[in-house]
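To find a chain, count down the sequence lines: A is the first, B the second, and so on, and within it residues start at 1.
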There are 2 protein chains.
Amino acid sequence: MNFQKLIKEFKKKGYKLTPQRRLILEILSKEKHISAEEIFERIKQSQPNVSFGTVYRNLNILLELGLINQLDFKDGRTRFELNKSHHHHLICLDCGVAFEIQVCPFNSEIFRAADSQDFSIENHSFEIYGYCRNCKYNKTKKLDGKEEQQS
Amino acid sequence: MNFQKLIKEFKKKGYKLTPQRRLILEILSKEKHISAEEIFERIKQSQPNVSFGTVYRNLNILLELGLINQLDFKDGRTRFELNKSHHHHLICLDCGVAFEIQVCPFNSEIFRAADSQDFSIENHSFEIYGYCRNCKYNKTKKLDGKEEQQS
DNA sequence: TCTTATTTTATAACCATTCCTATTTAGAAG
DNA sequence: CTTCTAAATAGGAATGGTTATAAAATAAGA
Ligand SMILES: [Mn+2]
Ligand SMILES: [Mn+2]
Ligand SMILES: [Zn+2]
Ligand SMILES: [Zn+2]
């Protein structure tokens with residue numbers, strides 16, 4: 001789903017295409033894993049009077065339309081990305097970097113478990129938390145430092 | 001890990017055992033998927049002057065010690081449960097009920113994906129969102145109602 | 001162009017969680 | 001049992017992400 005297609009999809013649902021909305025879609029097309037505040041800051045560059053309400057309201061509309069997904073990087077702010085191909089993430093608990101992994105672990109065994117409860121699946125989240133190469137390295141260095149202080 | 005063992009583990013780490021802490025552990029031993037506010041309300045029954053700060057501070061300590069886990073039911077509040085056997089959840093987006101499923105989809109393919117990024121795994125979340133039998137039924141009824149109004 | 005329902009702005013409110021600090025206390029030591 | 005003190009709590013204020021409100025602006029169809 002490219003930018004033009006997104007616009008079309010959005011208008012087809014009966015929503016008006018405002019400059020603010022065009023910008024939100026444009027920003028989401030360019031950057032993945034972006035927070036509401038980051039979107040807000042970027043829109044301000046060309047629309048200085050934009051309000052946070054506009055950003056959140058439209059993100060919620062895009063969520064309802066299923067055009068974007070919501071992610072939890074465990075850093076206190078929700079992140080958003082265009083709903084392109086289904087994937088999951090390796091998320092660094094230190095620096096917040098997120099690697100995308102294309103392998104999805106959802107399998108028939110899981111499906112049967114849900115089915116046995118007569119549970120109707122809408123979506124699933126699978127996120128792996130840990131430390132990226134850099135932060136793992138820095139962590140080790142910091143621990144070494146502590147040990148040196150103690151001795 | 002039963003209640004007595006929890007207490008022991010907690011003291012072994014050098015923390016003082018206050019009545020508030022004993023209660024928090026007792027409540028967590030009895031109820032799973034409980035929010036900070038629910039814990040707060042229950043403690044108030046025997047310790048009317050307990051503060052929210054105490055609840056949150058101790059939940060964070062228990063998280064650090066790895067004695068409890070944090071869950072996101074997408075209802076705006078964090079939930080907690082004792083770190084017993086590893087499991088995942090089917091979470092109803094309407095009523096918030098959570099069914100536990102014992103099957104974990106983490107596999108060697110995922111592990112290799114992380115390894116190829118030199119990513120050090122701490123933990124993972126896998127939650128399935130949807131509608132339980134009751135809410136699915138109520139949803140259908142509501143939709144039928146709408147259709148009748150339109151005609 | 002005119003009209004109107006939709007959208008935005010600006011600001012206040014909300015609410016889960018964290019922070020601050022004076023006071024209290026668990027547990028160690030005597 | 002009493003004393004001592006580092007650790008913990010109570011009470012309340014602050015924070016920060018998100019949502020609600022209502023007056024003003026505007027997209028888009030007639
Ligand atoms: Mn992604
Ligand atoms: Mn559980
Ligand atoms: Zn998946
Ligand atoms: Zn698992």
Side-chain angles (χ1 to χ4, degrees), chain A residues 6-27 33-65 67-80 96, chain B residues 6-27 33-65 67-80 96:
Chain A
L6 261 179
I7 299 278
K8 207 172 163 186
E9 184 79 11
F10 195 74
K11 294 178 81 169
K12 199 170 68 183
K13 299 287 185 177
Y15 290 99
K16 291 183 178 172
L17 185 61
T18 64
Q20 293 87 343
R21 283 177 171 166
R22 175 182 288 275
L23 275 167
I24 290 174
L25 292 173
E26 204 171 310
I27 291 163
H33 317 150
I34 192 167
S35 69
E37 192 191 4
E38 286 168 332
I39 293 172
F40 174 70
E41 291 299 338
R42 298 210 185 186
I43 297 177
K44 266 215 293 209
Q45 289 169 17
S46 49
Q47 303 274 327
N49 289 329
V50 71
S51 75
F52 251 112
T54 297
V55 174
Y56 277 110
R57 180 166 19 82
N58 288 304
L59 285 172
N60 285 331
I61 289 169
L62 292 171
L63 280 170
E64 273 174 33
L65 294 182
L67 295 177
I68 61 176
N69 294 323
Q70 217 171 353
L71 300 168
D72 178 13
F73 282 15
K74 305 274 188 207
D75 67 344
R77 61 190 62 192
T78 305
R79 287 165 186 284
F80 303 88
Chain B
L6 262 178
I7 299 280
K8 206 172 162 185
E9 185 78 11
F10 197 73
K11 295 180 80 168
K12 199 170 69 185
K13 298 289 184 176
Y15 290 100
K16 293 182 178 175
L17 186 61
T18 64
Q20 294 87 343
R21 282 177 171 168
R22 176 182 288 276
L23 276 166
I24 290 174
L25 291 174
E26 206 171 309
I27 291 163
H33 317 151
I34 191 167
S35 69
E37 192 191 5
E38 286 168 332
I39 292 172
F40 174 71
E41 291 299 337
R42 297 208 187 188
I43 298 176
K44 266 216 293 207
Q45 289 168 17
S46 49
Q47 303 274 330
N49 289 328
V50 72
S51 74
F52 250 113
T54 297
V55 174
Y56 277 110
R57 179 163 21 80
N58 287 304
L59 285 172
N60 284 332
I61 289 170
L62 292 171
L63 281 170
E64 273 175 31
L65 294 181
L67 295 177
I68 61 175
N69 294 323
Q70 218 170 355
L71 301 168
D72 178 13
F73 283 15
K74 305 273 187 206
D75 66 344
R77 61 189 61 192
T78 305
R79 288 167 185 282
F80 303 87

Tell me the interatomic distance from [X], atom [atom1], to [N], atom [atom2], rounded to whole angstroms.
| X | N | atom1 | atom2 | result |
| --- | --- | --- | --- | --- |
| B:Leu23 | D:dA8 | CG | P | 17 Å |
| B:Phe40 | D:dT9 | CZ | C1' | 13 Å |
| B:Gln47 | D:dG11 | CD | C1' | 15 Å |
| A:Glu41 | D:dG17 | CD | P | 11 Å |
| B:Ile39 | C:dT17 | CD1 | P | 11 Å |
| B:Leu63 | C:dT18 | CG | C1' | 14 Å |
| B:Ile24 | D:dA10 | CD1 | P | 9 Å |
| B:Ile61 | D:dA8 | CD1 | P | 6 Å |

Between C:dT7 and A:Arg21, is there an OP1 or OP2 to side-chain N/O distance shorter than 4.0 Å?
yes
Would you mind classifying the nucleic acid contact of [X] as base, sugar-phosphate or nothing, using non-hydrogen atoms under 4.0 angstrom?
| X | value |
| --- | --- |
| A:Tyr15 | sugar-phosphate |
| A:Gln20 | sugar-phosphate |
| B:Pro19 | sugar-phosphate |
| A:Ser35 | nothing |

Earlier contact from the 5' end, DNA chain D, for B:Gly53 and B:Thr18
B:Thr18
Looking at [X] and [Y], what are the two nearest heavy atoms and their distance?
| X | Y | value |
| --- | --- | --- |
| B:Phe73 | B:Arg79 | CD2-CD, 3.2 Å |
| A:Asp72 | B:Asp72 | OD2-OD2, 4.1 Å |
| A:Leu25 | A:Ile7 | CD1-CD1, 4.0 Å |

For B:Lys11 and for B:Phe80, locate the closest nucleotide of DNA chain C by heavy-atom distance; then report the residue assigned to the nucleotide nearer the 5' terminus.
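Nearest nucleotide further toward 5': that of B:Phe80.
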So if I take every side-chain heavy atom of [X] and compare against [options], which nucleotide ends up nearest?
| X | options | value |
| --- | --- | --- |
| B:Asn58 | C:dA10, C:dG27, D:dT9 | D:dT9 |
| B:Tyr56 | C:dT6, D:dA10, C:dA16 | C:dA16 |
| B:Asn60 | C:dT18, D:dG17, C:dT7 | C:dT18 |
| B:Asn49 | D:dG11, C:dT17, C:dA5 | D:dG11 |
| B:Arg57 | D:dT9, C:dG27, C:dT17 | D:dT9 |
| A:Thr54 | C:dG27, C:dT9, D:dA10 | C:dT9 |

Say whether, by atom type as modelled, one donor and one acceptor occur between the side chain of B:Arg21 and the main chain of B:Asn58 under 3.5 angstrom.
no
Are more than 12 heavy atoms, taken from residues, nucleotides or ligands other than B:Lys8, located less than 6.0 Å from that residue's NZ atom?
no
Separation between CD1 of A:Ile39 and OG1 of A:Thr54, rounded to the nearest 0.5 Å:
12.5 Å
